[in-house]
Undergrad: 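Let me give you the structure first, and then I'll get to my questions.
Whatever order the structure lists ligands and atoms in, that order sets their numbers, starting from 1. No experiment lies behind these values; they were computed from the predicted model shown.
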Amino acid sequence: MKRDGVLYIISAPSGAGKTTLCKEIIDIFPHLRHSVSYTTRQPRPGEVHGKDYYFVTQDEFRRMVEEGEFAEWAEVHGNCYGTSIRTLEECRTIGVDLILDIDIQGARQLKQRYEGGVFIFILPPSYEELHRRLNGRSSDSDDVISRRIDAAAGEIRESRWYDYIIINDTFSRAVEELKSVVIAEKCRTSRVLEAVTEIFHIG
Ligand code: ADP
Ligand code: 5GP
């Protein structure tokens, strides 16, 4: 059944487990792809240009902003990140579903701009657990970790306007919940009605 691709926009306070969950869900659903963003941040060891991000200079990023190439963009932790309109349009027309792992500022822009996006907020079970996960990841300094914890309350307040909230307590349960959202959204009447109308001549 032919239909437009779905955009799943996923945000979370840093350390909630968003990256781990997104990877898992992409492995489960073959029709789901990770939207590759543009960023001015330096690649981390192991990150690949074109797969994890398109790593661009500040001049190139600014040019893209000026020429209106981004569906959304934001400055996060001192670097710029953006989703290109072309990426979204290409996936929509070929019917591929996309996971956008983006921050709250970017999600807000898409909420205003795109109808039909599915907005999902991932939460840790508590501040204590968030702290443990940020420490356990051991990729950030103590200073960076405390800044992320300080930012968390303000970010969590924004969860109220998302369509779904998933508490990432037990990982397997969070995966099940995310899977359920993806499956339910694919059956949403507004996404399948056009095809149904055509097949059953009910126009
Ligand atoms: P984010 O992308 O939201 O910043 P990550 O996916 O990097 O977070 O996860 C932060 C840390 O928490 C990682 O070490 C990850 O393995 C761990 N983690 C993720 N989900 C869970 C969970 N449900 N229970 C325990 N640890 C988890
Ligand atoms: P990181 O540098 O750790 O990969 O990502 C830092 C933050 O930037 C994360 O919260 C991530 O969701 C966000 N981010 C990644 N890509 C984009 C994007 O295209 N747009 C916006 N607004 N945020 C993004």
Undergrad: Considering only protein heavy atoms, which is closest to atom 17 (C) of ligand 1, and at what distance to one decimal place?
TA: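 I find the closest protein heavy atom is Arg133 CD, 4.2 Å.
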
Undergrad: Side chain or backbone, does Arg137 bring an N or O within less than 3.5 Å of an N or O on ligand 1?
TA: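 Min N/O separation from ligand 1 is below 3.5 Å for Arg137.
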
Undergrad: Starting from atom 16 (O) of ligand 1, locate the nearest protein heavy atom and write down its residue, its atom name and how far away it is, to 0.1 Å.
TA: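 It is Thr20 OG1, 4.2 Å.
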
Undergrad: Just which atoms of ligand 1 are under 4.0 Å from any heavy atom in Asp169?
TA: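 With Asp169 as reference, the close atoms of ligand 1 come out as 22 (C), 23 (N), 24 (N).
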
Undergrad: Can you list the ligand 1 atoms lying under 4.0 Å from a non-hydrogen atom of Gly15?
TA: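 It comes down to these atoms of ligand 1: 1 (P), 3 (O), 4 (O), 8 (O), 10 (C).
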
Undergrad: Any Lys/Arg nitrogen of Arg44 or Asp52 sitting under 4.0 Å from an Asp/Glu carboxylate oxygen of the other?
TA: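 Salt bridge flag = no for Asp52 with Arg44.
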
Undergrad: With a 4.0 Å cut-off on heavy atoms, is Ala174 touching ligand 1?
TA: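 No heavy atom of Ala174 comes that close to ligand 1.
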
Undergrad: With sequence neighbours excluded, what pairs up with His34 under the side chain to side chain contact (heavy atoms under 4.5 Å, CB included) test?
TA: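 Scan of His34 (side chain to side chain contact (heavy atoms under 4.5 Å, CB included), adjacent residues dropped) gives Ile26, Val36.
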
Undergrad: Evaluate Tyr54 against Ser37 for side-chain contact (heavy atoms from CB on, under 4.5 Å), listing each step before the verdict.
TA: CA-CA 6 Å; Tyr54 296 110; Ser37 297; over 6 Å; no

Undergrad: Determine whether any heavy atom of Ile122 lies closer than 4.0 Å to an atom of ligand 1.
TA: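 Checking ligand 1 against Ile122, which is what was asked, there is no heavy-atom contact under 4.0 Å.
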
Undergrad: Taking 4.0 angstrom as the limit and counting only heavy atoms of Ser14, give me the atoms of ligand 1 inside it, by number and element.
TA: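 Once the distances to Ser14 are compared, the set is 4 (O).
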
Undergrad: Is Asp97 paired with Arg33 through a side-chain N to carboxylate O contact shorter than 4.0 Å?
TA: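 Salt bridge flag = no for Asp97 with Arg33.
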
Undergrad: Rounded at 0.5 Å granularity, tell me how far CD1 in Ile10 sits from CG in Leu178.
TA: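 So the CD1 of Ile10 and the CG of Leu178 are separated by 5.0 Å.
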
Undergrad: Could I get the full list of salt bridge (Lys or Arg N to Asp or Glu O under 4.0 Å) partners for Glu60, not counting sequence neighbours?
TA: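 So Glu60 forms a salt bridge (Lys or Arg N to Asp or Glu O under 4.0 Å) with Arg63.
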
Undergrad: Kindly tell me which protein residues have any non-hydrogen atom under 4.0 angstrom away from an atom of ligand 2, grouped by chain and ordered by number?
TA: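 Those residues closer than 4.0 Å to ligand 2 by some heavy atom are Lys18, Ser37, Arg41, Arg44, Tyr53, Glu72, Ala74, Val76, Tyr81, Gly82, Thr83, Asp101, Ile102, Asp103, Gly106.
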
Undergrad: Could I get the full list of side chain to side chain contact (heavy atoms under 4.5 Å, CB included) partners for Val65, not counting sequence neighbours?
TA: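 Residues passing side chain to side chain contact (heavy atoms under 4.5 Å, CB included) with Val65: Phe61, Phe70, Trp73.
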
Undergrad: Of all the heavy atoms in Ala12, does at least one lie under 4.0 Å from an atom in ligand 1?
TA: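 Ala12 does not count as a contact of ligand 1 under the 4.0 Å cut-off.
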
Undergrad: On the ring face of Phe119, is Lys111 found with NZ or CZ under 6.0 Å from the centre and within 45° of the axis?
TA: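 The answer is yes, since Lys111 meets both limits relative to Phe119.
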
Undergrad: Any chance the side chains of Tyr81 and Gln105 put a donor and an acceptor closer than 3.5 Å?
TA: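 Short answer, no.
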
Undergrad: Looking only at protein heavy atoms, which one is nearest to atom 20 (N) of ligand 1, and how far off is it?
TA: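 Protein heavy atom with the smallest distance to atom 20 (N) of ligand 1: Asn168 ND2, 3.0 Å.
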
Undergrad: Quick check for you: to the nearest 0.5 Å, what is the distance between Cys187 atom SG and Arg191 atom CZ?
TA: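 If we round to the nearest 0.5 Å, Cys187:SG and Arg191:CZ are 10.5 Å apart.
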
Undergrad: Considering non-hydrogen atoms of the protein only, which is the closest contact for atom 8 (O) of ligand 1, and what is the distance?
TA: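 Its nearest protein heavy-atom neighbour is Gly17 N, 3.1 Å.
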
Undergrad: Less than 4.0 Å is my threshold; does some heavy atom of Gly136 fall inside it relative to ligand 1?
TA: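 Checking ligand 1 against Gly136, which is what was asked, there is no heavy-atom contact under 4.0 Å.
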
Undergrad: With no hydrogens and no angle check, do the side chains of Thr40 and Gln58 hold a donor and an acceptor under 3.5 Å apart?
TA: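 Looking only at side-chain atoms, Gln58 and Thr40 do not form any donor-acceptor pair under 3.5 Å.
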
Undergrad: In the protein, what heavy atom is nearest to atom 2 (O) of ligand 1, and what distance, to one decimal place, separates them?
TA: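 Residue, atom and distance for the closest contact: Thr19 OG1, 2.4 Å.
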
Undergrad: Pairs of nitrogen or oxygen atoms closer than 3.5 Å, one from Lys18 and one from ligand 1: do any exist?
TA: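 Among all N and O atoms of Lys18, at least one is under 3.5 Å from an N or O of ligand 1.
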
Undergrad: Do the side chains of Glu158 and Arg108 get close enough for a salt bridge, i.e. N-O under 4.0 angstrom?
TA: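 A salt bridge links Glu158 with Arg108.
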
Undergrad: Quick one: pull up OG in Ser35 and CG in Asp101 and give me the separation to the nearest 0.5 Å.
TA: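 Ser35 atom OG to Asp101 atom CG measures 9.0 Å (nearest 0.5 Å).
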
